[in-house]
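Notes to accompany the following structure.
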Number of protein chains: 2
Amino acid sequence: MLELPILGFLHEAPLHGYELRKRVAALTGHIKPIAESTLYPAIKRMEKAGWLRRDPQPGAVAAPRHVLSLTDEGRAELMRRLADPDPLDISNENRWFTVLAFLRHLADPAAQAVVLRRRLAFLEEPSSFFYADERPVSAEEVDDPFRRGVLVIARATSRAELGWLRSTLAALDAAG
Amino acid sequence: MLELPILGFLHEAPLHGYELRKRVAALTGHIKPIAESTLYPAIKRMEKAGWLRRDPQPGAVAAPRHVLSLTDEGRAELMRRLADPDPLDISNENRWFTVLAFLRHLADPAAQAVVLRRRLAFLEEPSSFFYADERPVSAEEVDDPFRRGVLVIARATSRAELGWLRSTLAALDAAG
DNA sequence: ACGTCATACATCGGCACCGATGTATAGTCC
DNA sequence: GGACTATACATCGGTGCCGATGTATGACGT
């Protein structure tokens, strides 16, 4: 969950922990804030995995900063995660948005299109939130105004995303 | 995450674990499947908390079933969680949808309206995914087609939900 | 009679994340 | 010069969730 944005931001520029945290907060913080006590263990984990380097920078401000930068292995890991995302990255909107935020780093338009097509397939497969007798219930059939809201909102989102996906895929196919 | 749907479904009818799992899967399973090894510990936890009762039903099928039903305390807990949801239930779309799926059980229209207004306030407060120089970046300004997609989709969702929220709130206010 | 599958419940080890708390330094205000 | 705040990194215990695996029974085909 946290590792993809860390890889993504560090691919764009070396950062120290505090700045990294601010960027992650800007990206997804309004949905789910990220605690400091989650970030630093994640950094350690990823350093141990060989994905990033920590260079002490005993500079001007406050406590000594560690400048974080991606290793070649870290870059490879980022590309692997972008090219072949976890199923949850496809189905969960927040995680999908994180993939989209860094997908441009996957330089090849064809590879980008493959990822978009996975999301397209997910959105096109029939699914609902509510069922009666094994059959999906449409918004029009639901009495409960709150459950109807869920369906109305989900439908609007789906429509907007399908439109965007199709036009973007057309552009990518033309480019490739 | 799991406890609210369990409370909600058991409020509607006593169920055994397997059936409960199927209902939870129908509600949110297409986004994030729920493992059996998560459900049963959750049930135990909630039984220990006094929210539900497990009555063995050594009936016809397969392994002995436990029929799960809410206690009065469980019902009170459900009402508390619906009336005063966790901040994450408001900001995270999937969790918000779960609240909506059971909000009708909060019988009082005024109490329902309070919850909807919290979501309204969340959606109305300006927020973005991407920032440049501390300033939010609008879809029109973004070069990257993928980041533009995030903003376009989020905007469509927000518009649809704001419309639904305002009309539903009007109806609730008229009813109260 | 036997293998296979679906149903139903259960345990265990591991991991990501979090809240609480701690430490240390630089800047700001009075 | 002392109180306070913001920055920056860190540890610890607890919790919720998961994958792997196990156990037991009824249903069904052959």
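Note that the structure is a prediction, hence the values are computed from the model and not measured. Throughout, protein chains are lettered first and strands after them, A, B, ... in sequence-line order, and every chain is numbered starting at 1.
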Exercise. Take atom CD of B/E36 and atom P of D/dG22, then tell me their distance rounded to the nearest Å.
Key: 15 Å

Self-check item: Residues which pass ring pair (Phe, Tyr, Trp, His ring centres under 6.0 Å) with B/F97, listed by chain and number, not counting sequence neighbours
Solution: A/F129

Quiz item: Over how many whole Å does the gap from A/K44 atom NZ to C/dC17 atom P extend?
Solution: 16 Å

Self-check item: Nucleotide D/dA10, atom C1' - distance to CD of A/E47 in whole Å
Solution: 14 Å

Practice problem: Report yes if a side-chain nitrogen or oxygen of A/Y40 is closer than 4.0 Å to either non-bridging phosphate oxygen (OP1 or OP2) of D/dA10; otherwise report no. | Solution: no

Quiz item: Taking atom P of C/dC17 as reference, at what distance in whole Å does atom CG of B/N92 sit?
Solution: 14 Å

Exercise. Would you kindly give the CG-to-P distance between A/N94 and C/dC17, to the nearest whole Å?
Key: 14 Å

Quiz item: Between the main-chain N or O of A/R147 and the side-chain N or O of B/R104, is there a donor-acceptor pair closer than 3.5 Å?
Solution: no

Self-check item: Partner set under side-chain hydrogen bond (donor to acceptor under 3.5 Å, both in side chains) for B/E140, not counting sequence neighbours
Solution: B/S138, B/R155

Quiz item: B/T28: what forms a side-chain hydrogen bond (donor to acceptor under 3.5 Å, both in side chains) with it, not counting sequence neighbours?
Solution: none

Exercise. For A/D89, check side-chain hydrogen bond (donor to acceptor under 3.5 Å, both in side chains) against everything at least two apart and list the hits.
Key: A/R95

Quiz prompt | Rounded interatomic separation in angstrom, taking NE2 from A/H66 and P from C/dT23 | solution = 18 Å

Quiz item: Who pairs with A/H105 by ring pair (Phe, Tyr, Trp, His ring centres under 6.0 Å), at least two apart in sequence or on another chain?
Solution: A/H11

Practice problem: Report yes if some heavy atom in the side chain of B/D84 is under 4.5 Å from a heavy atom in the side chain of B/R118; otherwise report no. | Solution: yes

Quiz item: Near DNA chain C, under 4.0 Å by heavy atom, which residues of residues 16-30 of chain B?
Solution: B/H16, B/G17, B/Y18

Quiz item: Starting at CG of A/L52 and ending at P of D/dC9, how long is that distance when rounded to a whole Å?
Solution: 13 Å

Exercise. Could you identify which residues of residues 6-13 of chain A place a heavy atom less than 4.0 Å from some atom of DNA chain C, listed by residue number, or say none?
Key: none

Between protein and nucleotides 16-19 of chain D, what N or O pairs are separated by less than 3.5 Å?
unit_1, atom_1, unit_2, atom_2, d
D/dC17, OP2, B/R45, NH2, 3.2
D/dC18, OP1, B/K32, NZ, 3.1
D/dC18, OP1, B/P33, O, 3.4
D/dC18, OP2, B/T38, OG1, 2.4
D/dG19, N7, B/S37, OG, 2.8
D/dG19, O6, B/S37, OG, 3.0

Quiz prompt | Whole-Å gap separating C1' (C/dC17) and CZ (A/R95) | solution = 13 Å

Practice problem: Please name all residues satisfying salt bridge (charged side-chain N to carboxylate O under 4.0 Å, His left out) with A/E93, sequence neighbours left out, ordered by chain then number. | Solution: none

Exercise answer: donor-acceptor pairs, residues 35-49 of chain B side-chain atoms, under 3.5 Å, sequence neighbours excluded:
unit_1, atom_1, unit_2, atom_2, d
B/R45, NE, B/E3, OE2, 3.1
B/R45, NH2, B/E3, OE2, 3.1
B/E47, OE1, B/R54, NE, 3.2

Practice problem: Output all residues satisfying side-chain hydrogen bond (donor to acceptor under 3.5 Å, both in side chains) with B/S91, sequence neighbours left out; order by chain, then residue number. | Solution: none

Quiz item: Listed by chain and number, what are the salt bridge (charged side-chain N to carboxylate O under 4.0 Å, His left out) partners of A/K22, not counting sequence neighbours?
Solution: A/E19

